[in-house]
Amino acid sequence: MYYGGEPTLHRNLPSLIREVKEHGFLVKLDTNGSNPEMLDELVNSGAIDFVSMDVKAPLDPLSYGD
């Protein structure tokens with residue numbers, strides 16, 4: 001489990017996750033979603049097994065785009 005601060009701001013997060021997965025562990029990522037590019041990469045590559053997103057703002061579709 002990675003949590004505390006925003007883990008997706010760390011450039012080396014994908015390589016750290018790969019290393020952990022090589023040892024047979026599942027990976028949970030707690031994120032606020034502020035780095036959607038990194039989150040997209042991690043989800044689509046299958047690097048993470050579970051995501052928990054904490055949203056502290058209104059979910060207004062016009063504010064977030066497509």
Side-chain angles (χ1 to χ4, degrees):
M1 179 185 322
Y2 294 103
Y3 63 93
E6 177 50 40
T8 63
L9 296 178
H10 298 279
R11 292 180 302 188
N12 63 343
L13 183 62
S15 62
L16 178 61
I17 289 173
R18 275 192 302 276
E19 191 172 324
V20 169
K21 298 277 283 188
E22 286 173 3
H23 291 281
F25 292 99
L26 297 176
V27 174
K28 176 183 182 254
L29 180 73
D30 287 356
T31 180
N32 62 21
S34 63
N35 188 349
E37 294 83 9
M38 173 73 78
L39 188 55
D40 185 58
E41 175 188 338
L42 295 171
V43 168
N44 289 322
S45 70
I48 49 180
D49 301 291
F50 185 84
V51 176
S52 179
M53 188 178 302
D54 185 13
V55 178
K56 293 183 172 110
L59 290 175
D60 173 18
L62 298 175
S63 298
Y64 297 98
D66 294 331

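These numbers were taken from a predicted model, which means no experiment stands behind them.
Of all the heavy atoms in K21 and G46, the pair that sits closest is NZ-O, 4.1 Å. When all heavy atoms are compared, the tightest approach of E19 to H23 is O-CD2, 3.0 Å. Across E41 and P14, no two heavy atoms sit closer than the pair OE2-CG, 3.6 Å.
Note that the CG atom of D54 and the OG1 atom of T31 stand 9.5 Å from one another [nearest 0.5 Å]. For the atom pair NE2 of H10 and CG of N12, the computed distance is 7.5 Å after rounding to the nearest 0.5 Å.
Side-chain N or O atoms of D40 include none that pairs as donor or acceptor with a backbone N or O of P36 at under 3.5 Å.
Placement of L9 and M53 in two distinct hydrophobic clusters is found when ILVMFWY residues are connected by side-chain heavy-atom separations under 4.5 Å, directly or transitively. Cluster annotation: F50 is not connected to I17 through the hydrophobic network of ILVMFWY side chains, with a link wherever side-chain heavy atoms come within less than 4.5 Å. Residues V20 and V51 share a hydrophobic cluster, clusters being chains of Ile/Leu/Val/Met/Phe/Trp/Tyr side chains in contact below 4.5 Å.
Put simply, the residue from L39, D49, V43 that forms a side-chain contact (heavy atoms from CB on, under 4.5 Å) with L29 is L39.
The side-chain heavy atoms of N35 and E37, taken from C-beta on, include a pair separated by under 4.5 Å.
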